[in-house]
Amino acid sequence: MERELENASGSRAAPPRRLEDVDLFAPGAQEHWYDAYAILHEHAPVQRLPGEGLTPESDAFVLTKYEDIKRVVRDWERFPPTLLLLVAQILESGEMPAHIPDIDAMVASIVSLRPTPELWRAHRKELTDPWVGPGCTRHAAMIERHVDDLLGPMIDRARAGETIDFVAEFARPLPQRVMASVLGFPQVDIPELEEWGNAQVMSYVHGRTHRNLLTPEQTAEKFRLLDGMKDYVAEKTREKRANPKEDMISFLTQTRYEALGRTLTDDEVGGIVYAMVIGGLETTQYAIAEQAQLACEREGLFDAIRADRTAIRTFIEEGMRLRSPTQGLSTRICARDEVFQGVRVPAGSMLHLRWAAANIDPDEFENPLEVKLDRRAATRHLAFSQGPRSCPGSNLSRLEQTIAWNRLCDTLSGIAYAPGNSFAHQGGIMLGIRELWLDLTPA
């Protein structure tokens with residue numbers, strides 16, 4: 001991104017020039033992540049973070065190469081998820097750990113519904129795939145209605161010569177409206193849904209180091225907000241259990257989970273709802289906003305997808321590859337000694353998987369910084385991870401993006417940056433632009 005950028009504090013962030021300058025987790029680093037990835041690929045494709053493992057005497061390692069991260073995410077036993085280490089401890093002790101009093105509903109439901117790889121797969125197949133996985137096509141007409149409801153006022157304002165904050169007026173509210181409809185929440189409750197969604201991702205926005213650590217005060221605020229969500233979801237779950245509708249929560253209250261031979265408790269339903277909210281809002285918002293920037297920056301790109309709607313799917317995949325919404329997470333542990341790119345990584349080391357860097361790895365993608373509408377196997381990027389723990393809602397997100405860009409192409413003949421953009425992003429590990437002012441030309 002060849003722009004002069006501001007970090008969250010408003011000061012100018014200096015791009016790294018040497019390996020010694022690279023700190024992916026420093027304040028303001030998000031404004032120059034892609035400069036850092038080029039340096040890491042050349043000089044340190046496996047970057048050691050001394051003393052930043054699960055224990056003070058262990059290390060963490062940042063992986064940036066596609067082949068390394070693909071190998072990790074596809075092998076659950078060799079590289080177990082960090083979250084499941086906690087789940088295993090809970091199962092062994094038979095109770096929630098007293099030293100972690102603020103375990104949220106999602107973790108609690110993982111303990112009871114999907115503590116093993118086999119149950120993880122069953123959970124996905126039986127409980128989430130029918131709604132946000134392959135079965136998400138049931139939502140197409142609903143998504144189209146939300147897209148059109150948002151586009152109407154935007155187009156009217158564009159005809160009046162006004163500029164549009166594309167994030168506030170389209171990219172952010174669309175997944176909020178869609179997820180509320182999928183779950184069965186009233187649209188008037190979206191402001192609360194947004195607040196709770198922000199609380200859930202607080203550590204990924206405000207957390208320190210690669211482990212996204214919050215201060216005690218931030219943690220207390222996070223769980224204070226989530227208490228409200230817990231009460232709200234519990235109330236809606238009771239309502240839908242008594243009077244089911246055509247929505248995901250109603251389905252979860254009525255279905256029999258064959259993997260365990262029983263129905264779900266209210267708390268387990270709540271845990272699944274937590275997972276849907278945390279995964280269903282941010283990724284789609286950031287993806288659509290970054291794609292709009294690519295359409296502004298790459299000459300002829302918007303005209304190309306308007307002329308050939310079959311290219312929209314590849315445009316979406318290229319956008320997520322080139323500017324991944326979630327840039328990376330520290331989600332895996334080495335079960336034994338490993339070697340990545342000639343670097344020895346001891347057993348017990350934490351791995352930070354930098355998906356965004358892998359997605360522009362020149363050893364995997366030809367001309368990785370280009371948007372190629374004819375790129376073969378365009379879905380092989382790692383924006384949704386891969387393997388058994390890939391994002392369960394990737395189908396729904398892709399459907400939202402596809403419908404959004406088809407309708408944008410129907411209603412617009414041009415899209416361009418308006419004056420006044422700072423191109424500043426939020427902190428944390430997600431590529432979330434704060435606002436995006438555009439000049440839209442109605443068709």
Side-chain angles (χ1 to χ4, degrees), residues 7-8 13-33 35-65 68-69 71-73 75-76 78-90 97-103 107 201-220 222 326-358 427-430:
N7 64 26
R17 305 296 184 189
R18 306 167 301 164
L19 180 59
E20 293 77 14
D21 300 332
V22 172
D23 181 351
L24 297 178
F25 314 101
Q30 66 273 7
E31 308 300 5
H32 298 289
W33 273 332
D35 298 294
Y37 298 157
I39 295 171
L40 290 175
H41 279 158
E42 183 176 358
H43 300 290
V46 179
Q47 185 186 36
R48 179 171 172 260
L49 303 177
E52 294 193 28
L54 281 177
T55 59
E57 63 273 9
S58 64
D59 300 332
F61 293 81
V62 178
L63 305 185
T64 61
K65 296 294 285 182
D68 293 338
I69 296 179
R71 171 181 148 203
V72 169
V73 297
D75 195 332
W76 193 317
R78 197 164 170 175
F79 306 100
T82 53
L83 178 59
L84 291 194
L85 297 180
L86 173 61
V87 170
Q89 292 174 4
I90 294 171
H99 68 286
I100 312 178
D102 292 322
I103 291 178
V107 176
V201 300
M202 185 182 292
S203 59
Y204 303 128
V205 176
H206 301 290
R208 296 172 293 104
T209 81
H210 74 100
R211 295 177 63 186
N212 313 117
L213 301 173
L214 295 174
T215 66
E217 294 76 17
Q218 289 171 324
T219 301
K222 171 182 176 177
T326 302
Q327 296 273 296
L329 285 172
S330 295
T331 60
R332 298 295 180 109
I333 299 291
C334 290
R336 62 194 193 202
D337 291 351
E338 301 286 350
V339 176
F340 296 101
Q341 305 297 321
V343 177
R344 179 181 173 273
V345 177
S349 298
M350 182 179 282
L351 301 177
H352 178 83
L353 309 181
R354 203 68 180 186
W355 296 306
I429 48 83
M430 295 177 285

Donor-acceptor pair, side chain of [X] and main chain of [Y], under 3.5 angstrom:
{"X": "Gln218", "Y": "Thr215", "result": "yes"}
{"X": "His32", "Y": "Pro16", "result": "no"}
{"X": "Thr64", "Y": "Pro45", "result": "yes"}
{"X": "Asp59", "Y": "Gly51", "result": "yes"}
{"X": "Asp337", "Y": "Pro346", "result": "no"}

So, taking the atom named [atom1] in [X] and the one named [atom2] in [Y], what distance separates them when rounded to the nearest 0.5 Å?
{"X": "Leu19", "Y": "Glu42", "atom1": "CG", "atom2": "CD", "value": "10.0 Å"}
{"X": "His210", "Y": "Asp23", "atom1": "NE2", "atom2": "CG", "value": "11.0 Å"}
{"X": "Leu24", "Y": "Tyr37", "atom1": "CG", "atom2": "OH", "value": "6.0 Å"}
{"X": "Arg211", "Y": "Phe25", "atom1": "CZ", "atom2": "CZ", "value": "12.0 Å"}
{"X": "His352", "Y": "Arg332", "atom1": "NE2", "atom2": "CZ", "value": "14.0 Å"}
{"X": "Ile39", "Y": "Asp21", "atom1": "CD1", "atom2": "CG", "value": "6.5 Å"}

For a quick test of reading the model, state the closest non-hydrogen atom pair linking [X] to [Y] and the distance between them.
{"X": "Trp76", "Y": "Pro81", "value": "NE1-CD, 3.2 Å"}
{"X": "Ser58", "Y": "Leu54", "value": "OG-N, 3.3 Å"}
{"X": "Met430", "Y": "Thr326", "value": "CG-OG1, 4.1 Å"}
{"X": "Gln30", "Y": "Ala26", "value": "OE1-O, 4.4 Å"}
{"X": "Asn212", "Y": "Ser203", "value": "CB-O, 3.2 Å"}
{"X": "Ser330", "Y": "Thr82", "value": "O-OG1, 3.8 Å"}

### Message
If the condition is side-chain hydrogen bond (donor to acceptor under 3.5 Å, both in side chains), which residues does Gln341 pass it with, not counting sequence neighbours?
### Response
Glu67, Asp68
With heavy-atom distances below 4.5 Å as the criterion, would you say the side chains of [X] and [Y] are in contact?
{"X": "Lys222", "Y": "Leu214", "value": "yes"}
{"X": "Arg354", "Y": "Ile429", "value": "yes"}
{"X": "Thr331", "Y": "Val73", "value": "no"}
{"X": "Leu49", "Y": "Val62", "value": "yes"}
{"X": "His43", "Y": "Arg18", "value": "no"}
{"X": "Arg336", "Y": "Arg78", "value": "yes"}

### Query
Run the side-chain contact (heavy atoms from CB on, under 4.5 Å) check on Glu52 and Thr209 step by step: do they pass?
CA-CA 8 Å; Glu52 294 193 28; Thr209 81; 4.1 Å; yes
### Message
Between Ile333 and Leu351, does the side-chain contact (heavy atoms from CB on, under 4.5 Å) criterion hold? Intermediate values first, please.
### Response
CA-CA 6 Å; Ile333 299 291; Leu351 301 177; over 6 Å; no
### Message
Over 60° means perpendicular and under 30° means parallel, so tell me whether Phe79 and Phe340 are parallel, tilted or perpendicular.
### Response
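Ring orientation, 0 to 90° scale: tilted.
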